[in-house]
**Q** 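Pasting in a structure now, in structure tokens, and then I'll have a few things to ask.
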2 protein chains.
Amino acid sequence: MAKETDGNGTPVPQRLLAAATRLFAEQGYDRTSVQEIVEAAGVTKGALYHYFGSKEDLLQEVYARVLRLQQERLDAFANAEAPIEQRLRDAAADVVVTTIDNLDDASIFFRSMHHLSPEKNKQVRGERRRYHERFRALVEEGQRSGVFSTATPADLIVDYHFGSVHHLSTWYRPDGPLTPQEVADHLADLLLRALRP
Amino acid sequence: MAKETDGNGTPVPQRLLAAATRLFAEQGYDRTSVQEIVEAAGVTKGALYHYFGSKEDLLQEVYARVLRLQQERLDAFANAEAPIEQRLRDAAADVVVTTIDNLDDASIFFRSMHHLSPEKNKQVRGERRRYHERFRALVEEGQRSGVFSTATPADLIVDYHFGSVHHLSTWYRPDGPLTPQEVADHLADLLLRALRP
DNA sequence: CACGACATACCGACTGGTTAGTCTGCCCGT
DNA sequence: ACGGGCAGACTAACCAGTCGGTATGTCGTG
């Protein structure tokens, strides 16, 4: 009986992170006070500053979690044994599904990145670039082997697709007509269709 | 000699709006203090609150300007005398060029919309929807006449394209290798290629 | 096994600083 | 002499982070 103080079974740091994620997504980083976060997590400021160095650290932790997850999944799909069209399609569809599954994290990611201090921002951008480059390598591989059109630079292709992923948090509603998988299939299909020679 | 107090020739309200636009884009809405805005415009708070009701009104005015401009241009291209592929391509490319030309407004638009109060937010969303629907009508027209594939719902097509427009403020750099027109041509081309039957 | 020393986990009042918006009044053109 | 245009001091509220304090557990030692 040392890890949780009240009825809730999950440990305090994770409760804080979950509360912060929800509140940052709902109200934005600047409009969420530390007081609100600790109240939502059922603790006090003492607990938060015991586990985290600052409010900003909380935000960075949200990013780190998302980036780790997406990079792992991309690597898995990209390195699979399959023709390039299949690998790109799978990777493109997967990032859509996982983004919808973590829509809170996604809106925080795209809306609040500029709230990070320059150093942390640089770090996050660096990991983001790794992701971008792995994806671009897939496009280039297909272009070299003649499966994809070379009419458009690979960089632009990647930004085109991630624009639509980025945009999901603006328009996708879980109670809408399309399931996450259907949206993912459509968006991956659009990408592959645009790449036909 | 009643309209401007110092050496700057432009009237005070426009100076305030310009300063606010730049600062909101650079630092975000919440992180920009009213004090900074008035200093950048070379006036004081008295002047700002003489012309605007609140800090939020400034933000809304930025939106209103952008929305008016883009809606006008879309209507012009959409109602032109040309085959549907041409009209859609022109409209899709134009929104890219004007977004890049007003990249500050664009980043504010997409990053700070949720800072508006519910009523103003609803109003902006309404005008946004009008734009979306006019664009969607173009896609549907092409689908009905068999020029565009019907594999993807028109709504999704529109969100796909505007995702990439939205995303521009994240990656486009004026000192990069591509001119605004080149980016616009590429993105419009990708859209049209994805729509090939 | 008893006991003190130290560590971990957390509480909550407090501080120093910032901010949006107000208000009184001056200045100047008409 | 009147009113639009604006200055700038002021206020009331808020907020991130600090700090001294408490409770509970762990570990080494005689």
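Heavy-atom basis, side chains included; hydrogens, waters and symmetry copies ignored. Chain A is the first sequence line, chain B the second, and so forth, proteins listed ahead of strands; every chain is numbered from 1.
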**Q** Regarding D/dG17, can its base be found pairing with the side chain of A/K55 as donor and acceptor, where the two atoms are less than 3.5 Å apart?
**A**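 Check fails, no donor-acceptor contact within cut-off.
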**Q** Expressed in angstrom and rounded to an integer, what is the separation of A/I37 atom CD1 from D/dC15 atom P?
**A**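 One finds 11 Å between P of D/dC15 and CD1 of A/I37, rounded.
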**Q** Taking atom C1' of D/dA16 as reference, at what distance in whole Å does atom CZ of A/R31 sit?
**A**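 In whole Å, D/dA16 C1' lies 17 Å from A/R31 CZ.
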**Q** Rounding to a whole Å, what distance do you find between B/Y51:OH and C/dG21:C1'?
**A**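 One finds 18 Å between C1' of C/dG21 and OH of B/Y51, rounded.
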**Q** Without decimals, in angstroms, what is the distance between B/E39 CD and C/dA20 P?
**A**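 After rounding, the gap between these two atoms is 12 Å.
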**Q** Take A/G46 and A/T32, find for each the nucleotide of DNA chain D with the closest heavy atom, and name the residue whose nucleotide sits nearer the 5' end.
**A**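 Comparing both residues, the 5'-ward one is A/T32.
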**Q** For the side chain of A/Y49, starting at C-beta, report the closest nucleotide among D/dC6, C/dA20, D/dG17.
**A**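 Looking only at side-chain atoms, A/Y49 lies closest to D/dG17.
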**Q** Could you state the CG-P distance from A/L16 to C/dC10, rounded to the nearest angstrom?
**A**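 Interatomic distance, CG of A/L16 to P of C/dC10: 9 Å.
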**Q** Between A/H50 and C/dC10, does any side-chain N or O lie under 4.0 Å from OP1 or OP2?
**A**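 No, no such contact exists.
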**Q** Keeping the roles fixed (side chain from B/R73, backbone from B/A91), state whether a donor-acceptor pair exists under 3.5 Å.
**A**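 It does not hold such a pair.
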**Q** To the nearest Å, how far apart are B/D57 CG and C/dA20 P?
**A**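 Between P of C/dA20 and CG of B/D57: 14 Å.
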**Q** Between B/R31 and B/E36, which heavy-atom pair has the shortest distance, and what is it?
**A**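 Heavy atoms only, the tightest pair is O-OE1, 3.5 Å.
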**Q** Rounded to whole Å, please give me the gap between CZ in A/F52 and P in D/dT18.
**A**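 From A/F52 CZ to D/dT18 P: 16 Å.
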**Q** If we count only N and O atoms by modelled type, under 3.5 Å, do the side chains of B/E56 and B/Q60 hold a donor and an acceptor together?
**A**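 Looking only at side-chain atoms, B/Q60 and B/E56 do not form any donor-acceptor pair under 3.5 Å.
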**Q** Whole angstrom is fine here: how far is it from CG in B/L48 over to P in C/dC23?
**A**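 Interatomic distance, CG of B/L48 to P of C/dC23: 16 Å.
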**Q** Report the relative orientation of the aromatic rings in B/Y63 and B/F109; use parallel for angles under 30°, tilted for 30 to 60°, perpendicular for over 60°.
**A**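 Rings of B/Y63 and B/F109: perpendicular, over 60°.
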**Q** For the side chain of B/V34, counting heavy atoms from C-beta on, which of C/dA20, D/dC6, D/dC15 is nearest?
**A**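 That would be C/dA20.
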**Q** Taking only the side-chain heavy atoms of B/K45 (C-beta and beyond), determine which of C/dA20, D/dG17, D/dC15 contains the nearest atom.
**A**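 When the side chain of B/K45 is considered, C/dA20 is the closest of C/dA20, D/dG17, D/dC15.
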**Q** Would you indicate what A/T44 reaches in the nucleic acid, counting non-hydrogen atoms under 4.0 angstrom: base, sugar-phosphate, or nothing?
**A**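 Here A/T44 touches the bases of the nucleic acid.
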**Q** Do the charged groups of B/E141 and B/R134 touch, with an N to O distance under 4.0 Å?
**A**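 Salt bridge between B/E141 and B/R134, a charged N being under 4.0 Å from a carboxylate O: no.
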**Q** Among the nucleotides D/dC6, C/dC10, D/dA16, which one has an atom lying closest to any side-chain atom of A/V12?
**A**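 My answer, after comparing the listed nucleotides, is C/dC10.
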**Q** Let me know, please, whether B/Q35 or A/A47 comes out on the 5' side of the other along DNA chain C by nearest nucleotide.
**A**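 Closest to the 5' end, via its nearest nucleotide, is A/A47.
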